[in-house]
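Only this structure's heavy atoms are used, side chains among them; waters, hydrogens and symmetry mates stay out. Remember, it's 1-based here, ligands and their atoms both numbered in the order they're listed.
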Amino acid sequence: MASRDFVYKKFSEFYSSPSTVIPKISMIGQREIGFLLFKEHVMLRHKSFESTSSLKRFLGETVPSDVYHSCAYYENPEAEMNKKIWLGADLVFDIDADHIPTPCNKIHDEWTCNKCGFGGKGVTPDACPICGGQKFETKTWACELCLKTAKEETAKLLNILEQDFGFSLQELHVFFSGHRGYHVQIEKETIKTLDAMARKEIVDYVSGLGLAILEDETKDNTRRQRHKISFSLHDFGWHKRLKLGLQNFVMNATKDDLNNAGVKVNYKVFSENREILLKRCIEENRWSSVRGIGITTWKKLAKHVKDLESAKIDTVVTTDIHRLIRMNGTLHGKTGLLKVGFPANRLENFDPLKEAVAFKEGTAKISVSEAPEFRLGDDTLGPYKNQTVELPTAAAVLLICKGRAEVVQ
Ligand SMILES: [Zn+2]
Ligand SMILES: [Zn+2]
């Protein structure tokens with residue numbers, strides 16, 4: 001109770017402070033605004049605000065734990081869903097470490113089935129393997145590796161959107177989500193009225209789903225037929241991505257890389273023929289010109305490269321034309337960190353654990369049950385186990401929000 005009051009107070013101070021600026025949201029009057037309330041822990045939806053200043057006043061009075069706006073524009077944003085009259089929606093992408101299997105999530109992420117109590121480590125399954133339940137308690141952590149992985153996926157997404165879809169970097173609005181991922185948002189007349197199906201096509205492209213060159217074009221699976229099936233790579237879109245990816249793989253792959261790609265070839269043959277594989281196979285499309293490395297191997301490698309080059313987005317977010325997404329400049333209820341926007345060309349140097357820190361003053365005394373070593377701002381803190389410590393406010397709020405600590409009075 002005291003811990004929740006402490007976090008509530010900090011959020012309240014943040015939203016009431018004259019120095020807090022909620023960045024302008026385009027066409028705010030036509031968007032649905034939603035809130036998750038601290039006290040009742042219920043979702044307040046179908047709200048509408050004329051301006052960000054009236055919204056900010058509301059935030060100071062209500063103090064929600066999380067703030068969302070629709071990516072959609074409506075004639076009547078306050079009406080119930082089927083009476084809103086949809087006018088269009090931004091194109092949004094969500095990249096979240098929750099959906100990317102990283103080597104670290106087996107270490108720091110846990111889930112427990114709400115129904116039967118069965119649990120495990122790593123990425124939360126869609127359904128419980130014991131009882132089929134779909135609701136879980138999760139305990140997660142956003143470590144540097146999670147954040148780095150999410151950033152790499154975002155870089156791939158931005159590259160695809162820029163190179164293959166022709167958006168300019170200025171049109172790609174990039175945000176750190178305040179937890180374990182990034183959002184990319186495009187507000188442009190040409191995409192506003194795309195329906196869910198059209199957005200699914202974009203999702204498939206970005207994810208490399210259903211790439212025709214990787215599917216066998218014939219159902220006749222006799223050995224002789226299979227050897228005839230070939231593919232050639234040109235220099236646009238996914239073909240170009242596969243080509244560059246294959247070149248990179250052929251030049252640098254170790255024995256382990258070949259194993260990970262699931263191909264069984266003689267490593268000596270492979271490594272002694274790198275130049276020839278590059279020239280004859282990838283450049284000239286003569287895929288069977290090195291003995292022992294045939295078309296089946298190349299298709300497996302191409303699939304592997306596709307997995308490396310595609311962007312791991314949360315596909316549901318992009319196709320949902322009514323989706324609520326977290327509002328820029330507001331606090332994340334699971335971390336006390338801010339959702340922050342930055343120019344796409346700053347992605348590589350963007351430091352979420354520094355730039356998303358909202359509470360920059362004071363300290364708080366907390367009792368920590370367990371926390372790994374972590375960095376916040378310029379401080380490296382922890383690891384802690386069953387101990388009382390005095391930490392900078394931002395770190396104390398983070399550990400309390402993560403359910404790892406209680407405030408000490
Ligand atoms: Zn279960
Ligand atoms: Zn991690």
Subject >> Audit row: Asp314, Arg323, salt bridge (charged side-chain N to carboxylate O under 4.0 Å, His left out) steps and yes/no >> reply: CA-CA 12 Å; Asp314 183 354; Arg323 192 80 182 187; 5.0 Å; no
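Taking the Zn ion (ligand 2) as the apex, the angle formed with SG of Cys104 and NE2 of His108 is 100°, to the nearest 10 degrees. The SG atom of Cys146 and the SG atom of Cys143 subtend an angle of 120° at the Zn ion (ligand 2), given to the nearest 10 degrees. Angle SG(Cys128) to the Zn ion (ligand 1) to SG(Cys116): 110° [nearest 10 degrees].
Salt-bridge check for Arg326 with Asp94: failed, with every basic side-chain N at 4.0 Å or more from each acidic carboxylate O.
Two residues are said to be in side-chain contact when any heavy atoms from C-beta on lie closer than 4.5 Å; Arg45 and Met81 meet this criterion.
Side-chain atoms of Ser65 come within 3.5 Å of backbone N or O of Leu36 as a donor-acceptor pair.
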